[in-house]
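Data first, discussion second: the structure below is written as structure tokens.
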Amino acid sequence: MTRSGIAAPDRLRDALLQAYAEPQRAYHTAQHLAECLSLAAQHLALAPDAGQLLFALWFHDAVYAVNRSDNEQRSAAWAREALAEAGALESDQEAVHRLILVTRHHNLARQDDEKLLVDIDLSILGAEPARFEESNRQIRQEYQWVPKPLYVQKRREILESFMARPFIYNTRPFQEDREAQARENLRTAIQALEAGNDGA
């Protein structure tokens, strides 16, 4: 709020924190949100608009249903509606909406703010091994309803898609700090999946 000038009410913060505490979540929780916000604070100089970036991070997983494929769209819609109610400029509403949609991770990041947001959201891939392994267990917990063979197949496809990119991260600071660790973490996780270990 301080960086954006948008007077969002306390009840909006409370509603977001309540959303991140929903029982179906294990990885997409306040822990993930806090990690993202902490990294954002370290790299705000890279953000064209710090307020837009921070609001997008607060909302990027606000809606999370493990059996739906439109979580980002619904999160973005909530963000736009909430910012409109708070009196935010239409340009801020649209920017936050655009940023959240980029977290679908379909290689959509083109603008500088999009690249930074995606790097922050994917920072877990380059986390210390213990935290990365914890995140694997948390993600498996969220998808515990998926049969193990199918989960292993789909999870492997996702991880291999990141490995196949020329760079996992878009910005130089993240490439320098996390690219090598991310590739090591991914190799380890893929090997585990090949051995039939789903991370549970």
Side-chain angles (χ1 to χ4, degrees), residues 3-4 6 16 20 27-29 31-65 68-80 82-83 88-127 131-132 135-136 139 142 154-187 189-190:
R3 291 184 176 275
S4 67
I6 299 169
L16 285 165
Y20 281 96
Y27 172 71
H28 296 88
T29 64
Q31 179 187 20
H32 171 59
L33 175 62
E35 290 170 342
C36 287
L37 292 173
S38 177
L39 274 174
Q42 298 172 37
H43 298 287
L44 281 183
L46 298 176
D49 188 299
Q52 292 173 0
L53 177 77
L54 293 170
F55 268 109
L57 285 171
W58 267 96
F59 276 98
H60 80 286
D61 286 323
V63 178
Y64 187 71
R68 295 187 63 130
S69 60
D70 61 348
N71 290 314
E72 292 86 0
Q73 292 93 322
R74 295 166 70 206
S75 296
W78 182 10
R80 183 160 55 189
L83 291 179
L89 296 174
E90 186 172 345
S91 58
D92 287 325
Q93 299 171 36
E94 293 305 315
V96 171
H97 186 272
R98 167 178 56 82
L99 285 167
I100 294 170
L101 292 182
V102 175
T103 64
R104 289 176 292 183
H105 301 305
H106 298 318
N107 286 320
L108 298 176
R110 297 290 183 267
Q111 301 184 38
D112 288 344
D113 54 353
E114 296 170 352
K115 292 177 180 180
L116 178 58
L117 182 75
V118 166
D119 283 359
I120 291 171
D121 191 29
L122 294 181
S123 62
I124 191 64
L125 299 179
R131 173 64 185 120
F132 177 72
S135 73
N136 278 333
I139 291 170
E142 288 182 344
K154 295 299 184 181
R155 179 69 171 159
R156 180 178 172 181
E157 289 174 0
I158 292 170
L159 299 184
E160 287 179 340
S161 73
F162 287 121
M163 280 288 282
R165 296 183 181 184
F167 290 98
I168 296 169
Y169 295 109
N170 299 287
T171 62
R172 179 171 294 180
F174 279 83
Q175 289 173 356
E176 293 175 349
D177 295 343
R178 292 182 179 253
E179 184 79 23
Q181 185 63 62
R183 292 194 177 276
E184 181 59 31
N185 287 341
L186 288 170
R187 277 192 291 269
I190 291 169

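Inter-residue side-chain proximity for His60 and Cys36 is flagged as met; some heavy-atom pair is nearer than 4.5 Å. The shortest distance between side-chain heavy atoms of Gln73 and Leu101 falls below 4.5 Å. By the 4.5 Å heavy-atom criterion applied to side chains, Leu37 and Leu54 are counted as neighbours. The shortest distance between side-chain heavy atoms of Arg155 and Ile139 falls below 4.5 Å. For the pair Trp78/Leu16, a side-chain contact is recorded, criterion being any heavy-atom separation below 4.5 Å from C-beta on. Between Asn71 and Asp61, the closest side-chain pair of non-hydrogen atoms is not below 4.5 Å. Taking 4.5 Å as the limit, some side-chain heavy atom of Phe174 sits within range of a side-chain heavy atom of His43. Side chains of Arg178 and Leu39 form a contact here, defined as non-hydrogen atoms less than 4.5 Å apart.
Remark: Asp70 engages Arg68 in a salt bridge (Lys or Arg N to Asp or Glu O under 4.0 Å) (not counting sequence neighbours). Under the side-chain hydrogen bond (donor to acceptor under 3.5 Å, both in side chains) criterion, Arg74 pairs with no residue, sequence neighbours left out. Residues forming a salt bridge (Lys or Arg N to Asp or Glu O under 4.0 Å) with Glu72 (at least two apart in sequence, or on another chain): none. Listed by chain and number, the residues in a salt bridge (Lys or Arg N to Asp or Glu O under 4.0 Å) with Asp113 are Arg98 (sequence neighbours excluded). Contacts of Arg172 classified as salt bridge (Lys or Arg N to Asp or Glu O under 4.0 Å), with partners at least two apart in sequence or in another chain: none. Applying the side-chain contact (heavy atoms from CB on, under 4.5 Å) test to Glu179 and every residue at least two apart in sequence or in another chain returns Phe167, Ile168, Tyr169, Gln175, Arg183.
Atom OG in Ser161 sits 12.5 Å away from atom CZ in Arg156 (nearest 0.5 Å). Of the inter-residue distances, the one linking Leu159 atom CG with Asn136 atom CG reads 7.0 Å to the nearest 0.5 angstrom. The line from CZ of Arg104 to OG of Ser75 is 11.5 Å long, rounded to the nearest 0.5 Å. A distance of 4.0 Å separates CG of Asp119 from OG1 of Thr171, quoted to the nearest 0.5 Å. Distance check, rounded to the nearest 0.5 Å: CG of Asp92 to CG of Asp49 gives 6.0 Å. Of the inter-residue distances, the one linking Phe132 atom CZ with Gln181 atom CD reads 9.5 Å to the nearest 0.5 angstrom.
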**Message:** Run Thr103 and Asp121 through side chain to side chain donor-acceptor pair (under 3.5 Å) and show every step you take.
**Reply:** CA-CA 7 Å; Thr103 64; Asp121 191 29; 4.7 Å; no
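For the pair Trp58 and Tyr20, the tightest heavy-atom approach, listed with the atom from each and the gap, is O-OH, 2.8 Å. The minimum heavy-atom distance between Ala40 and Leu57, with the atom names listed, is CB-CD1, 3.5 Å. Closest of all the heavy-atom pairs between Gln52 and Leu99 is O-CD1, 3.9 Å. Contact record, Ala127 with Asn185: O-ND2, 2.8 Å, taken as the closest heavy-atom pair. Ala79 and Ile100 make their closest contact through CB-CD1, 3.6 Å (heavy atoms, listed as atom of the first residue, atom of the second, distance).
His32 and Tyr27 have tilted rings, their planes meeting at an angle from 30° to 60° on a 0 to 90° scale.
In the displayed structure, Glu90 atom CD is contacted under 6.0 Å by at most 12 heavy atoms of other residues, nucleotides or ligands.
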